Amino acid sequence: MPRITYIEHDGTRHEVEAEAGMTVMEAAVKNSVPGIEAECGGACSCATCHVYVADQWRAATGQPEEMEEDMLDFAFDVRETSRLSCQIKVTDELDGLVVHTPEKQF
Amino acid sequence: MTGDVIKTDAVIIGAGPVALFAIFELGLLDIKAHVIDILDKPGGQCAELYPEKPIYDIPALLVVSGQELTDRLLQQIKPFNPVFHLQQRVDELEARGEDGFALKTDTGTQFETRIVIIAAGGGSFTPKRPPLKRIEEMEGKSVFYSVRRIEDFRDRTIVIAGGGDSALDWALALQGVAKRVTLVHRREEFRAAPDSVNKMRALVDAGEMDFIIGQVMELHGDAGQLTSAGIRGKDGETSRLDCDTLLPFFGLTMKLGPVADWGLNLNENKILVDTEKFETSQQRIFAIGDINSYPGKLKLILSGFHEAALMARQAYHYVYPDARYVLQYTTTSTSLQKKLGVR
Ligand SMILES: Cc1cc2nc3c(=O)[nH]c(=O)nc-3n(C[C@H](O)[C@H](O)[C@H](O)COP(=O)(O)OP(=O)(O)OC[C@H]3O[C@@H](n4cnc5c(N)ncnc54)[C@H](O)[C@@H]3O)c2cc1C
Ligand code: FES
């Protein structure tokens with residue numbers, strides 16, 4: 001099972017076991033990882049599941065699609081590494097993935 | 001206290017799918033409703049959060065999108081001519097004597113009603129507040145999430161943040177009235193009507209408006225008065241821009257809001273109800289849909305519809321105390337069919 005690490009703004013780490021097929025947002029919510037609100041439940045319409053993907057994982061997670069890029073307009077402090085975690089599907093290749101959660105989700 | 005007071009049998013707070021079906025159930029029992037929502041359209045979460053997404057668990061509809069469900073509900077309640085009061089938030093709800101309530105919205109509309117149905121879902125949709133230091137103290141003075149009167153912005157030096165239709169529409173509307181409008185958006189592309197984007201670009205080319213690619217990261221000023229904004233550009237550097245007004249447009253979020261202040265018994269921010277009548281701790285105030293809480297509650301549209309039907313029966317007792325409730329089928333009842341306009 002792929003493991004994902006979420007690092008909070010203050011450095012607190014949360015390591016969880018995810019299942020291939022769920023999203024990085026779902027894995028966080030299921031394991032009560034703080035810092036990801038996911039108000040819209042993964043519909044890509046709230047931007048409260050914003051994360052920064054660790055540099056070494058950016059190639060593996062890929063680029064946001066147009067709908068996600070549009071929705072990122074509604075996030076705060078968007079950077080090059082920004083993604084909406086409900087739009088990243090967990091695969092076996094993402095075992096070890098590290099993402100950072102922002103200080104505030106808006 | 002301005003304007004006339006609207007007197008009615010029922011006021012429904014919220015215009016989500018559950019409220020819309022409640023209009024139907026109340027209508028069959030001759031109870032006319034006024035409906036209030038902060039959004040500019042009915043449909044609640046379905047219309048605002050997922051208009052194009054499919055719903056698969058509405059009985060007998062294999063698949064229906066959030067918007068289509070809303071449109072169908074609106075079609076279904078047409079015979080009952082509900083009155084919608086949109087873009088208004090109910091702020092005050094008070095008991096008025098033995099058997100009535102007074103309600104007031106943030107725009108000053110007042111109601112006197114015999115029963116109240118709270119169908120407020122996850123709370124009222126509210127503009128998102130960027131998590132910037134000092135922003136709260138500047139709200140209402142230098143920071144605004146909506147424009148009620150354009151004239152209030154005359155001669156101001158305004159920064160508008162965001163890249164959606166609201167940001168562009170207001171940038172265009174305030175240009176010419178304001179001293180200067182600067183649009184700040186994180187990228188070159190906009191998710192807005194192409195026509196507005198073109199108009200904005202033309203004004204920028206003509207030197208009448210500014211557009212900066214970047215994000216507002218700091219607010220400077222004191223005593224609630226904004227004097228400049230720190231804008232982080234594409235290069236990661238933050239530079240200051242003098243301004244006295246900020247209009248951030250980053251979409252909406254659901255906040256429980258005033259509902260919590262009405263003295264009703266709550267459980268984890270949801271209104272406690274019984275499961276026979278879906279009435280709250282205050283007689284004649286009902287709560288249905290996502291806003292309520294009871295053992296076994298499921299936050300599903302289907303559950304909300306059921307709650308609406310049971311609520312309506314009790315509402316009937318309050319509005320027509322001398323009448324006897326008789327269950328009738330829409331299939332066979334001539335009187336119901338007359339109300340529905342199919343006979
Ligand atoms: C992405 C997503 C997918 C979903 N999919 C399904 C599904 O497949 N099946 C299903 O059954 N359910 C689904 N749901 C849940 C469903 O949308 C909700 O259960 C439903 O919208 C609840 O309806 P409601 O009328 O109770 O409240 P809402 O739809 O939340 O509407 C409440 C309205 O009240 C307004 N309001 C609140 N307070 C005030 C106030 N003080 N003054 C004025 N207006 C106010 C709000 O602005 C809002 O418009 C989904 C939800 C989401 C987010
Ligand atoms: S959960 Fe709402 S956009 Fe990802």
Side-chain angles (χ1 to χ4, degrees), chain A residues 8-10 12 21-23 25-26 28-30 32 34-55 58 62-87 89 100-106, chain B residues 45-55 65-66 121-123 125-133 135 145 161-168 183-192 213-218 230-236 238 248-255 290 299-300:
Chain A
E8 284 185 67
H9 176 74
D10 64 5
T12 314
M22 58 173 27
T23 66
M25 176 280 281
E26 286 168 330
V29 170
K30 204 171 157 211
S32 312
I36 293 185
E37 287 173 19
E39 242 173 57
C40 78
C44 198
S45 57
C46 74
T48 62
C49 62
H50 180 200
V51 296
Y52 306 112
V53 175
D55 279 327
R58 288 188 60 202
Q63 289 297 313
E65 286 182 20
E66 193 184 332
M67 180 173 72
E68 181 184 346
E69 193 67 67
D70 282 350
M71 206 56 220
L72 276 168
D73 285 352
F74 288 168
F76 181 71
D77 192 1
V78 179
R79 304 177 199 162
E80 288 267 305
T81 54
S82 287
R83 288 293 308 269
L84 294 178
S85 57
C86 69
Q87 302 301 308
K89 271 254 183 306
H100 297 261
T101 55
E103 186 176 0
K104 286 250 174 75
Q105 285 285 3
F106 240 104
Chain B
Q45 295 176 45
C46 301
E48 180 62 30
L49 292 178
Y50 60 103
E52 281 148 31
K53 288 233 155 26
I55 310 172
S65 73
F125 278 100
T126 331
K128 284 202 210 162
R129 165 194 288 156
L132 295 164
K133 280 207 188 77
I135 192 161
Y145 300 97
D165 282 309
S166 309
L168 278 147
L183 183 63
V184 177
H185 177 47
R186 71 176 186 98
R187 57 187 180 131
E188 195 63 63
E189 296 77 31
F190 287 83
R191 189 177 80 144
I213 296 188
Q215 296 175 76
V216 177
M217 299 301 293
E218 302 163 357
I231 296 170
R232 190 177 70 201
K234 254 207 136 117
D235 53 5
T238 301
F249 293 111
F250 291 98
L252 304 172
T253 179
M254 292 190 103
K255 287 259 155 62
D290 278 13
K299 281 208 257 170
L300 286 176

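Quick note on labels: first sequence line is chain A, next is B, and so on, each numbered from 1. Just so we're clear, the structure is a prediction, and the values are computed from it rather than from any experiment.
Of the atoms belonging to B:Arg129, it is backbone heavy atoms, and not side-chain ones, that fall under 4.5 Å from chain A. In this structure, the portion of B:Phe249 lying under 4.5 Å from any heavy atom of chain A is its backbone and not its side chain. Of the two parts of B:Lys53, only the side chain, counted from C-beta on, holds a non-hydrogen atom closer than 4.5 Å to a non-hydrogen atom of chain A.
A:Asp10 is linked by a side-chain contact (heavy atoms from CB on, under 4.5 Å) to A:Glu8, A:Thr12, counting only residues two or more places apart in sequence or in another chain. Under the side-chain hydrogen bond (donor to acceptor under 3.5 Å, both in side chains) criterion, A:Ser82 pairs with A:His50, sequence neighbours left out.
Counting heavy-atom pairs closer than 4.5 Å to chain A, the top-ranked of the candidates B:Pro131, B:Ala167, B:Gly122 is B:Pro131. Among A:Glu39, A:Glu37, A:Glu69, A:Glu103, the residue making the largest number of heavy-atom pairs under 4.5 Å with chain B is A:Glu69. Of the residues considered (B:Arg191, B:Gln45, B:Glu48, B:Arg186), B:Arg186 shows the highest number of contacts with chain A, using heavy-atom pairs under 4.5 Å.
In this structure, the separation between CZ on A:Arg58 and OH on A:Tyr52 is 12.5 Å, given to the nearest 0.5 Å.
Salt-bridge check for A:Asp77 with A:Lys104: failed, with every basic side-chain N at 4.0 Å or more from each acidic carboxylate O.
The shortest distance between side-chain heavy atoms of A:Asp73 and B:Arg187 falls below 4.5 Å.
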